Student: 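One structure, pasted below without further comment.
Below, chains carry the letters A, B, ... as their sequence lines are ordered, and counting in each starts from 1. Fair warning: this is a prediction, and the values are worked out from it, not measured in the lab.
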2 protein chains.
Amino acid sequence: MRIGKLAKLSGLSRDTIRFYEREGLIASVPEEGSSNSYRDYPEDVLERLDVIGKAQDAGFSLADIKKLTGFWDGQNQDFDGELFLDEKAEEVRKNIERAQAFLEMLEATIASLKVDPRG
Amino acid sequence: MRIGKLAKLSGLSRDTIRFYEREGLIASVPEEGSSNSYRDYPEDVLERLDVIGKAQDAGFSLADIKKLTGFWDGQNQDFDGELFLDEKAEEVRKNIERAQAFLEMLEATIASLKVDPRG
DNA sequence: CAAAACCGTTGACTACACTCCATGGTTTTA
DNA sequence: TAAAACCATGGAGTGTAGTCAACGGTTTTG
């Protein structure tokens, strides 16, 4: 699909999609059978963009995401993939725990508000 | 306590602590009974710094955190605190869910690696 | 077939959250 | 008491993740 459709479906801007492509997080091919310069984004890029969003929410930087997707895509880099993944998973677990602890504070604040507005 | 001790105990740099203070997220008082310009950070600032870290992991910006702490500190701003808190709590819940979904992908990747290294 | 809508490229710009450096003063310590 | 360690202030600089504007070309649509 073309970038406009991908932008609409993913909820990201064209600029962001191009930015991710420049960074090597996603890839496109020249549109088939047309002499323009338009790029064609495979369907699975949509899923990839979704993963990128979730990874960011989990605390991954784009550099981290690039390592991970490069790993998925079979380009085993010159680093210990298993160690990287183990360490990152641990980080994510800690992040989630901390976010949950914070959520509880937030919910307690809300609850106290409902009992006694602005107490 | 002085900023050096606070930095050591919190794991943050002096610069970060001063930055948070400039941003209005924490407060200090002049050190008592001394004619220097040193600042004294109350004990509870440590806890506050911990909350700030967790809030960031939950996806809060410093501006969000400032609103929340201003709210806690009783300076009820000119905004609907309850609405803000409700919306933010919902955002955090979604963030956590997305992070958890991502964590599962990560763990699946790790698991498949342990079964069949680089398959 | 013309206007509107879309596309790619380049490069500058922005917001956020720090981080560093220089300067000069104050405490602590050996 | 001198050196080392600490402190405050101001301002500049950094990295990350986008975002915007301008240009000219291509497709789609009424």
Student: Between P on C:dC7 and CG on A:Asp40, what's the gap in Å once rounded to a whole number?
Tutor: 12 Å

Student: How far apart are the C-alpha atoms of A:Phe102 and B:Phe60, what are their side-chain angles, what is the distance that settles it, and do they pass the ring pair (Phe, Tyr, Trp, His ring centres under 6.0 Å) test?
Tutor: CA-CA 10 Å; A:Phe102 176 70; B:Phe60 265 46; 4.8 Å; yes

Student: Without decimals, in angstroms, what is the distance between A:Asp15 CG and D:dG18 C1'?
Tutor: 9 Å

Student: How many whole angstroms separate atom CD of B:Glu31 from atom P of C:dG25?
Tutor: 19 Å

Student: Please tell me if A:Gln56 has a side-chain N or O lying less than 4.0 Å from either OP1 or OP2 of D:dG18.
Tutor: yes

Student: Where the side chain of A:Tyr20 is defined as all heavy atoms beyond and including C-beta, which of C:dG8, D:dC20, D:dG18 is the nearest nucleotide?
Tutor: D:dG18

Student: Take the protein atom CG of A:Asp64 and the nucleotide atom P of D:dA17, then report the distance between them rounded to whole Å.
Tutor: 8 Å

Student: Could you check how far NZ of A:Lys66 sits from C1' of D:dT16, rounded to whole Å?
Tutor: 14 Å

Student: NA contact type, A:Glu23, heavy-atom cut-off 4.0 Å: base, sugar-phosphate, or nothing?
Tutor: nothing

Student: Let me know the distance between CD of A:Glu21 and P of C:dT10, rounded to the nearest Å.
Tutor: 13 Å

Student: Output yes when A:Asp64 and A:Lys88 qualify as a salt bridge under the 4.0 Å nitrogen-oxygen rule, no when they do not.
Tutor: yes

Student: Is the shortest side-chain N/O distance from B:Ser13 to OP1 or OP2 of C:dC18 below 4.0 Å?
Tutor: no

Student: On DNA chain D, check which nucleotide each of B:Gly4 and B:Arg22 is closest to and give me the residue with the more 5' one.
Tutor: B:Gly4

Student: Side-chain N or O of B:Arg18 versus OP1/OP2 of D:dA8: is the shortest distance under 4.0 Å?
Tutor: yes

Student: Are B:Arg2 and D:dA5 close enough that a side-chain N or O sits under 4.0 Å from OP1 or OP2?
Tutor: no

Student: Which whole-number value in Å describes the distance from B:Lys8 NZ to D:dA5 C1'?
Tutor: 10 Å

Student: Of the nucleotides C:dT19, C:dC7, D:dA8, which one has an atom closest to the side chain of A:Tyr38?
Tutor: C:dC7

Student: B:Lys5 has an atom NZ; how far is it from atom C1' of C:dT27, in whole Å?
Tutor: 16 Å

Student: Establish, with yes or no, whether the OP1 or OP2 oxygen of C:dT26 is under 4.0 angstrom from a side-chain nitrogen or oxygen of B:Ser37.
Tutor: no

Student: Quick check: closest heavy atoms across B:Gly53 and A:Arg98, and the distance to 0.1 Å?
Tutor: C-NH2, 3.3 Å

Student: B:Arg39 side chain: which of D:dG18, C:dC18, D:dA8 is closest?
Tutor: D:dA8

Student: For the residue pair A:Asp86 and B:Lys114, what are the closest heavy atoms and their distance?
Tutor: OD2-NZ, 3.5 Å

Student: For a quick test of reading the model, state the closest non-hydrogen atom pair linking A:Gly4 to A:Arg14 and the distance between them.
Tutor: CA-NH2, 3.9 Å

